[in-house]
Protein chains: 2
Amino acid sequence: MTTVEECSAAEQELPYNVFSRACPSRGTLEHVTGRWGALTLGALHEGSFRFNELRRRVDGVSEKMLSQTLHALERDGLVHREAQPTNPPRVDYELTPLGRAVTERLMSLIHFVEGRMDDVLAARERYDSARASR
Amino acid sequence: MTTVEECSAAEQELPYNVFSRACPSRGTLEHVTGRWGALTLGALHEGSFRFNELRRRVDGVSEKMLSQTLHALERDGLVHREAQPTNPPRVDYELTPLGRAVTERLMSLIHFVEGRMDDVLAARERYDSARASR
DNA sequence: CAGTATCCTCCAAGATACTG
DNA sequence: CAGTATCTTGGAGGATACTG
């Protein structure tokens with residue numbers, strides 16, 4: 001039984017507020033934005049994939065972490081798991097409608113960051129050299 | 001000297017690709033989407049704040065983690081630190097234009113997740129009860 | 001106030017081996 | 001192929017004390 005802890009932003013009448021420690025939305029946000037969660041959703045944004053296809057797309061993920069990540073996303077209703085009871089087994093993963101909507105916003109963020117990496121790297125050099133000369 | 005490792009998506013001619021293990025964009029994405037990075041940017045989206053004001057807004061963050069997070073975001077050029085050399089010291093943090101653009105996309109994601117938490121919680125109950133009955 | 005310094009704990013995540 | 005099980009460890013992150 002999950003009780004929703006007090007986490008509403010009283011003034012604005014928002015039921016869920018990620019800035020509250022106890023709010024379950026913080027957990028879901030972490031599934032979505034966590035290192036492997038974000039990359040897995042990103043991979044699934046391009047279509048439906050089998051377990052090992054996903055592993056190859058998400059460079060560096062281990063079997064364990066991919067499995068764990070997929071379970072969390074499935075539990076949150078963002079990913080659908082389609083298993084054929086054949087031998088050898090075939091399992092396909094794809095985004096649910098909710099997952100697609102979430103991932104759309106995530107990809108907007110990812111693509112924007114990718115597109116501005118030159119600015120980021122320049123800022124880093126400025127920051128580092130300002131520190132080196134002290 | 002930072003050399004940009006090979007991380008471009010060759011076909012699409014994108015210079016940076018977060019799905020490559022070695023690409024620096026993956027690091028920046030983690031600063032932005034990490035637990036404390038996301039919440040700190042979210043807090044700064046509402047304006048300029050002092051260190052301890054931020055601490056209070058980001059429920060649960062420790063001094064150490066907030067300090068560390070702000071440094072990373074400042075280094076990436078997303079946050080500007082304005083220090084007055086008074087006594088007692090006064091330091092204000094605010095988003096840079098780049099930080100604001102990134103945070104806009106982040107907030108779109110956060111608000112969407114917050115708004116669909118009822119669906120997420122319902123999905124969890126379905127998932128859990130389907131597992132309990134086996 | 002705005003942090004840094006230190007110590008310590010615990011768990012996310014990697015490595016490896018195994019299974020239906 | 002699509003995972004689970006077990007073991008281990010680096011490092012994220014908390015607690016506490018201290019400083020300009």
Side-chain angles (χ1 to χ4, degrees), chain A residues 19 21-22 26-40 43-44 47-76 79-94 127 130-131 134, chain B residues 19 21-22 26-40 43-44 47-76 79-94 127 130-131 134:
Chain A
F19 294 98
R21 204 191 322 218
R26 189 182 278 195
T28 298
L29 184 69
E30 278 165 32
H31 295 159
V32 171
T33 61
R35 181 204 262 149
W36 302 125
L39 297 177
T40 301
L44 288 172
S48 171
F49 294 103
R50 305 175 63 173
F51 188 83
N52 282 300
E53 288 176 329
L54 277 175
R55 257 201 88 184
R56 266 169 257 124
R57 293 197 150 236
V58 179
D59 190 21
V61 73
S62 67
E63 290 185 353
K64 189 181 122 183
M65 290 317 297
L66 181 58
S67 172
Q68 205 170 104
T69 300
L70 285 169
H71 279 312
L73 295 175
E74 189 194 354
R75 191 168 104 99
D76 284 351
V79 163
H80 174 69
R81 181 178 185 275
E82 186 81 22
Q84 263 115 32
T86 59
N87 192 315
R90 178 190 177 99
V91 181
D92 289 274
Y93 293 93
E94 61 184 347
Y127 182 94
R131 293 218 134 196
R134 304 187 29 228
Chain B
F19 294 98
R21 208 192 316 220
R26 190 182 276 195
T28 297
L29 183 69
E30 278 166 31
H31 295 160
V32 171
T33 61
R35 180 203 262 149
W36 301 125
L39 297 176
T40 302
L44 287 172
S48 170
F49 295 103
R50 305 175 64 172
F51 188 83
N52 281 301
E53 289 177 328
L54 277 176
R55 259 203 86 185
R56 266 169 258 125
R57 293 197 149 234
V58 179
D59 190 21
V61 73
S62 66
E63 289 186 354
K64 188 181 123 183
M65 289 318 296
L66 181 57
S67 172
Q68 206 170 104
T69 299
L70 285 169
H71 279 312
L73 295 176
E74 188 193 355
R75 190 168 104 100
D76 284 350
V79 163
H80 175 68
R81 180 179 187 276
E82 185 80 23
Q84 263 116 31
T86 58
N87 193 314
R90 179 189 176 100
V91 181
D92 289 272
Y93 293 93
E94 60 184 348
Y127 182 93
R131 293 217 134 197
R134 310 186 22 226

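Only a predicted model underlies this, so the values are computations on that prediction, with no experimental measurement involved. In the text below, chain A, chain B and the rest are named by the order of the sequence lines, each starting its count at 1.
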TODO: Find the distance B:R55:CZ to C:dT4:P and express it as a whole number of Å.
DONE: 13 Å
- [ ] Choose from D:dG14, C:dA2, C:dG3 the nucleotide whose nearest atom is closest to any side-chain atom of B:Y93.
- [x] C:dG3
- [ ] Would you mind reading off the distance between A:M65 atom CE and C:dT16 atom P, rounded to a whole angstrom?
- [x] 17 Å
Task: Atom-pair distance (CD on B:E30; P on C:dA13), nearest Å - done: 9 Å
TODO: With a 3.5 angstrom cut-off on both distances, give the Watson-Crick or G-U wobble partner of D:dG20, or none if there isn't one.
DONE: C:dC1
Task: Any B:S62 side-chain nitrogen or oxygen under 4.0 Å from OP1 or OP2 of D:dG14 - done: yes
- [ ] Please tell me which of B:E53 and A:K64 maps to the more 5' nucleotide of DNA chain C, matching each residue to the nucleotide holding its nearest heavy atom.
- [x] B:E53
Open item on the list: Using whole Å, what does the distance between atom P of nucleotide C:dC1 and atom CZ of B:F51 come to?
Closed with: 11 Å
Task: A:P89 side chain, from C-beta outward: closest of C:dC1, D:dA2, D:dT4 - done: D:dA2
TODO: Return the nearest nucleotide to the side chain of A:W36; candidates are C:dG14, D:dG13, C:dG3.
DONE: C:dG14
Task: Nearest-Å distance for atom pair CZ/C1', residues A:R81 and D:dG3 - done: 8 Å
Open item on the list: For a quick test of reading the model, state the closest non-hydrogen atom pair linking A:L66 to A:V61 and the distance between them.
Closed with: N-CG2, 3.7 Å
TODO: Could you pick out which residue, A:P88 or A:V61, lies toward the 5' side of DNA chain C when each is mapped onto its nearest nucleotide?
DONE: A:V61
Open item on the list: Output the rounded distance in Å from CG (B:D92) to C1' (C:dG3).
Closed with: 15 Å
TODO: Take atom CD of B:E63 and atom C1' of C:dT4, then tell me their distance rounded to the nearest Å.
DONE: 9 Å
- [ ] Indicate whether OP1 or OP2 belonging to D:dA2 is found under 4.0 Å from a side-chain N or O atom of A:R50.
- [x] yes
Open item on the list: Is the phosphate of D:dG3 approached by A:H71 (side-chain N or O, under 4.0 Å from OP1 or OP2)?
Closed with: no
Task: Least distance between heavy atoms, A:E82 atom then A:H80 atom - done: OE1-NE2, 2.7 Å
Task: B:F19 to A:D59 - nearest heavy-atom pair and separation - done: O-CB, 3.0 Å
Open item on the list: Testing the basics here: between A:L73 and A:H31, what is the closest heavy-atom pair and its distance to 0.1 Å?
Closed with: CD2-O, 3.9 Å
Task: Atom-to-atom span, CD of B:Q84 to C1' of D:dG20 - whole angstrom - done: 17 Å
Open item on the list: Is there a side-chain contact between A:S67 and the phosphate of D:dT4, meaning an N or O under 4.0 Å from OP1 or OP2?
Closed with: yes
- [ ] Work out which heavy atom in B:A43 is nearest to a heavy atom in B:R57; give both atom names and the distance.
- [x] CB-CB, 4.2 Å
